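This is the structure I have questions about; it appears just below.
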Amino acid sequence: MSEYTYVKGTKLKLKSKSGKKKHKKKRRNEDNEDGPAENQKQDTESYGGWWKIHSFEEIPTTIAIEMGNRTFMYALDNGLFTVGGPHKDQEGPSPEEIYTVMKISDSKIALKSGYNKFIGINSQGLMTGKSDAIAIREQWEPVFQEGKVALQSANDCFISTNDDGDVVAEKRTAGDDEMITLRTNRARAKKRKSNAPEEDEGDLKDCEVNYVKKFQSFQDRRLRVNEGDSSKLDEARQGGNLHEELLDRREKMKADRYCK
């Protein structure tokens, strides 16, 4: 099995606190099943429409990483990352604080900054955004547990900030400083009402990535997605020939083991 497809199940190592009551957990879960509770709606509005992500399945193709109260992970033009300034009420993240997501397994993702570079971790534990491809160091695992979220890097450490203000991954145990909030302004995924393939779920960008991951050969461990004009995909979906159009786009990439 290649290193690229190797998936390691992870649980958050949280510091235990005795005396906490857990009888309200069921009520919170019931609220989430039927849709956002009133406090969730208010939270979303206070962030300009950017809502909290509560599970790996909810992660869309665009996210922001909140590392403090109304402060987000900020991409610098030198390839490093810090925490941006606090935002006002009803204000979302800045363009430098918004990232593109590619799901590369059932638990791991790759992140790309607005500078069109994949985000990884270097040998010193510094988060960097300088790569043109996805390798082991560019794989991240969002860990959801007990209503909390932490982001684990390829060195098995969770991200936080150091004394210099840089985003780093140095601790193998997730404490308060390693807790983050993932947010997005993408439309919430609707519950499935048809027998359509799971790969067809989400928007067209998600759909194409799903099929690339399903059929592409990963001999060099790189995920290749056609960067050409995707306007025909919407027409193809409406016309019922989306799969054929996706196949044509993959053929042009010459990386599909099922294409001619």
Side-chain angles (χ1 to χ4, degrees), residues 7-20 22 25 28 40 43 47 50-60 62-76 79-87 92-94 96-113 118-131 134 136-184:
V7 178
K8 175 182 174 184
T10 305
K11 289 187 177 180
L12 266 178
K13 298 178 182 178
L14 299 173
K15 295 182 179 179
S16 61
K17 294 183 180 180
S18 60
K20 277 196 169 183
K22 300 182 179 179
K25 183 176 181 180
R28 289 196 297 269
Q40 291 177 320
D43 176 80
Y47 280 83
W50 288 76
W51 50 275
K52 287 183 181 179
I53 297 170
H54 298 284
S55 67
F56 186 86
E57 291 71 25
E58 287 185 342
I59 298 177
T62 302
I63 66 168
I65 301 174
E66 186 179 10
M67 302 190 69
N69 185 23
R70 298 188 179 280
T71 58
F72 295 87
M73 189 175 83
Y74 188 102
L76 300 172
L80 298 180
F81 295 83
T82 187
V83 177
H87 289 269
S94 304
E96 294 87 353
E97 299 166 338
I98 299 173
Y99 306 95
T100 300
V101 179
M102 286 187 179
K103 290 184 177 180
I104 56 178
S105 76
D106 291 336
S107 63
K108 294 187 178 182
I109 62 174
L111 296 168
K112 182 180 283 189
S113 72
F118 286 103
I119 301 171
I121 198 79
N122 68 13
S123 57
Q124 287 75 45
L126 272 173
M127 178 182 276
T128 62
K130 301 179 180 180
S131 178
I134 302 171
I136 297 297
R137 290 182 180 271
E138 285 72 41
Q139 298 185 35
W140 301 87
E141 183 169 359
V143 182
F144 297 84
Q145 186 177 325
E146 298 179 3
K148 297 181 179 181
V149 189
L151 187 61
Q152 189 176 39
S153 71
N155 65 1
D156 291 330
C157 295
F158 297 95
I159 70 167
S160 60
T161 55
N162 60 16
D163 293 338
D164 295 325
D166 297 315
V167 178
V168 296
E170 297 178 336
K171 297 183 179 179
R172 293 180 180 270
T173 301
D176 290 340
D177 291 339
E178 286 70 42
M179 293 300 110
I180 63 173
T181 299
L182 300 181
R183 292 185 179 273
T184 184

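None of the values given here were measured: they were computed from a predicted structure. What you see below is based on every heavy atom in this structure, not just the backbone, and it leaves out hydrogens, waters and symmetry mates.
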message = Distance check, rounded to the nearest 0.5 Å: Leu80 atom CG versus Asn122 atom CG?
response = 8.0 Å
request  = List for me each residue that meets salt bridge (Lys or Arg N to Asp or Glu O under 4.0 Å) alongside Asp43, sequence neighbours excluded, and say none if there are none.
outcome  = Arg183
message = Test of understanding: with side-chain hydrogen bond (donor to acceptor under 3.5 Å, both in side chains), list the residues that count as partners of Asn155, not counting sequence neighbours.
response = Ser153
message = Let's go through Tyr47 and Glu66 carefully: what are the C-alpha distance in whole Å and the side-chain angles of both, what is the deciding distance for side chain to side chain contact (heavy atoms under 4.5 Å, CB included) to 0.1 Å, and is it a yes or a no?
response = CA-CA 11 Å; Tyr47 280 83; Glu66 186 179 10; 2.5 Å; yes
query = Which residues satisfy the side-chain contact (heavy atoms from CB on, under 4.5 Å) test with Glu170, sequence neighbours excluded?
reply = Val168
query = In Å and rounded to the nearest 0.5 Å, what is the OG1 to CD distance from Thr82 to Glu96?
reply = 12.5 Å
note = ring pair (Phe, Tyr, Trp, His ring centres under 6.0 Å) filter on Phe72, not counting sequence neighbours, yields His87
query = How many angstroms lie between atom CH2 of Trp140 and atom CD1 of Ile159, to the nearest 0.5 angstrom?
reply = 6.5 Å
Phe56 side chain reached by Glu141 side chain, heavy atoms, under 4.5 Å = no
task = Go through the steps for Thr181 and Val149 under the test side chain to side chain contact (heavy atoms under 4.5 Å, CB included), then give the verdict.
result = CA-CA 6 Å; Thr181 299; Val149 189; over 6 Å; no
ask   = For Asp164, what residues pass the side-chain contact (heavy atoms from CB on, under 4.5 Å) criterion, not counting sequence neighbours?
value = Asn162, Asp166
Met73 and Tyr99, any side-chain heavy atoms less than 4.5 Å apart = yes
ask   = Tell me the salt bridge (Lys or Arg N to Asp or Glu O under 4.0 Å) pairs involving residues 119-131, sequence neighbours left out?
value = none
Worked check of side chain to side chain contact (heavy atoms under 4.5 Å, CB included) between Lys171 and Cys157 = CA-CA 5 Å; Lys171 297 183 179 179; Cys157 295; 5.6 Å; no
remark   = What one should report as the nearest heavy-atom pair of Thr71 and Gly85 is CG2-C, 4.0 Å
query = With sequence neighbours left out, what residues match Ile53 under side-chain contact (heavy atoms from CB on, under 4.5 Å)?
reply = Trp51, Glu58, Ile59, Pro60, Ile63, Phe144, Leu182, Thr184
note = Between the NZ atom in Lys112 and the OG1 atom in Thr100, the distance rounded to the nearest 0.5 Å is 7.0 Å
request  = Kindly give the heavy-atom pair with the smallest separation between Phe81 and Thr128, and that separation in Å.
outcome  = CE1-C, 3.5 Å
request  = Check whether any side-chain heavy atom of Val101 sits under 4.5 Å from a side-chain heavy atom of Leu111, and report yes or no.
outcome  = yes
ask   = Within a strict 4.5 Å, meaning less than it, do heavy atoms of the Ile109 and Gln139 side chains meet?
value = no
note = Residue set satisfying side-chain hydrogen bond (donor to acceptor under 3.5 Å, both in side chains) with Ser94, at least two apart, ordered chain then number -> none
request  = Under the salt bridge (Lys or Arg N to Asp or Glu O under 4.0 Å) rule, collect the residues that match up with Glu178, sequence neighbours excluded.
outcome  = none
query = Is Leu151 close to Val143 at the side-chain level, that is, under 4.5 Å between some pair of heavy atoms?
reply = no
message = Side chains of Met102 and Ile134, heavy atoms from C-beta outward: is any pair under 4.5 Å?
response = yes
query = How many angstroms lie between NZ in Lys108 and CD1 in Ile136, if you round to the nearest 0.5 Å?
reply = 7.0 Å
request  = Please identify each residue that fulfils side-chain hydrogen bond (donor to acceptor under 3.5 Å, both in side chains) with Tyr74, with sequence neighbours left out.
outcome  = none
ask   = About how many Å separate CG of Asp106 and CD of Glu57, when rounded to the nearest 0.5 Å?
value = 8.5 Å
request  = Quick one: do Val167 and Met67 satisfy side chain to side chain contact (heavy atoms under 4.5 Å, CB included)? Show the steps, please.
outcome  = CA-CA 10 Å; Val167 178; Met67 302 190 69; 4.1 Å; yes
message = Has Arg137 got a side-chain atom pairing as donor or acceptor with Ile121's backbone, closer than 3.5 angstrom?
response = yes
ask   = Taking all atoms of both residues into account, what is the closest heavy-atom pair of Pro142 and Ser107, and its distance?
value = CD-O, 3.5 Å
